[in-house]
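In listed order, ligands and their atoms are each counted from 1.
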Amino acid sequence: APGPNFETIPSTVEAIRSQLPDGLKNPRVGIVCGSGLSGLAASMKEVIEVAYDDIPGFAKSTVPGHRSSLAFGFMGDSQKVPVVAMLGRFHPYEGHSLSTVVYPIRVLAALGIKDIIITNAAGALNPEIKVGTVVVVRDHLALPGLAGMNPLLGPTFSSATPRFLPVSDAYSPALRRLVFLAANELSIPWSDFAEGTYAWVSGPTYETPAEGRFLRAAGADMVGMSTVPEVLAAREAGVGVLVLSLATNMVVIPEKYRSIKEEVEAELLGKKVELPVQEVVSHEEVLFIGRQKGDMMKGLVEKIIDLIPAS
Ligand code: HPA
């Protein structure tokens, strides 16, 4: 895979800024909209959309349910915050290199964002997390990252970037606080929220039962195919990170395997066999929950941005 493409960032930033009015040239907060969550942009004012097709270095997002543009605009009620939202993101499973996946994050950092709110749709591994819950991510498990697929392999972002970036504190406690303060102000039920660890996998396959059990045993509450490369690139660039993971499905982890051996034996003995229902995850249910919870997520993100202290 090609290495980082830091050299082209200034020209990409220039190309984007040339399409923006002065007030939007230096966005303060970045937002990444996950599956079915692109409606987040609807709460922005004076929106200018720049298509990924028109941005040098940006790839095309190929996943159904994802759009493909940067939306610049203002958000907030008590303060007017210039923001930029990524409508659609790039995933390694689409065949993109990790440097392509994180390129937009590096460009957003170069545009001057101080904080980024990253949303995603993810599967719940923790049985106490119900579908529709917003999980405020406080830690991650990057299986590909531990094993050679780390987006920070190669030259560092700048001479100021440490070679060995600490990420034990990647998820800003100050930003996480704002989620709960916003939820309280909006009277969203407290039970709609949880905190947890997000396991990043490359996908595109959903997990087998053994894989789901493995990740759960390793301490993960959620599993998904995005976000972590973006978090690492944002932290490398000194951007504050908040991740909201919407539980769109339970990962299928049956307590007991179906025994074909026992079924056939029973059948041979002339006994009636009760066949278990085999559940599978579908992209449609993931998108459905994303849409169903879209308005809540939109209001929440808007309120969080309103609560971010002006710097
Ligand atoms: N596994 C991995 N990624 C996902 C899932 C899942 O169950 N749901 C949404 N994204």
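- Those atoms of ligand 1 with a heavy atom of Val251 less than 4.0 angstrom away are 7 (O).
- Applying the 4.0 Å criterion to heavy atoms of Gly224 picks out, from ligand 1, the atoms 2 (C), 3 (N).
- Taking the six-membered ring where tryptophan is involved, the planes of His96 and Phe90 are perpendicular, since the angle between them exceeds 60° and thus also 30°.
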Test Asn120 against Ser226 for side-chain hydrogen bond (donor to acceptor under 3.5 Å, both in side chains), laying out the working first. CA-CA 7 Å; Asn120 62 55; Ser226 67; 4.6 Å; no
Checking side-chain contact (heavy atoms from CB on, under 4.5 Å) for the pair Val135/Tyr198: CA distance, chi angles, key distance, verdict? CA-CA 9 Å; Val135 178; Tyr198 177 96; over 6 Å; no
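- Annotation: atom 10 (N) of ligand 1 to nearest protein heavy atom, Ala121 O, 3.4 Å.
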Begin with the C-alpha distance, continue with both residues' side-chain angles, and end with the deciding distance and a verdict on side-chain contact (heavy atoms from CB on, under 4.5 Å) for Thr8 and Tyr103. CA-CA 10 Å; Thr8 59; Tyr103 189 69; 2.9 Å; yes
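- Residue-ligand proximity, Met225 to ligand 1, at heavy-atom distances under 4.0 Å covers atoms 2 (C), 3 (N).
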When you look at Lys80 and Glu46, which way does the salt bridge (charged side-chain N to carboxylate O under 4.0 Å, His left out) test go after all the steps? CA-CA 11 Å; Lys80 198 177 161 198; Glu46 300 170 47; 3.4 Å; yes
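- Counting heavy atoms closer than 4.0 Å to ligand 1, residue Val201 contributes nothing at all.
- Scanning the protein for heavy atoms near atom 7 (O) of ligand 1, the closest one is Asn249 ND2, 2.9 Å.
- Ring-plane geometry between Tyr52 and Phe58 is classed as tilted, the angle between the planes lying from 30 to 60 degrees on a 0 to 90 degree scale.
- Using a distance-only test at 3.5 Å, with no hydrogens or angles considered, no donor-acceptor pair links the side chain of Asp115 to the main chain of Arg28.
- For ligand 1, the polar-atom distance check finds an N/O of Glu207 within less than 3.5 Å of one of the ligand's N/O atoms.
- With ligand atoms numbered from 1 in the order given, ligand 1 contributes 8 (N), 9 (C) to contacts under 4.0 Å with heavy atoms of Thr248.
- Looking at atom 5 (C) of ligand 1, its nearest protein heavy atom turns out to be Gly123 N, 3.4 Å.
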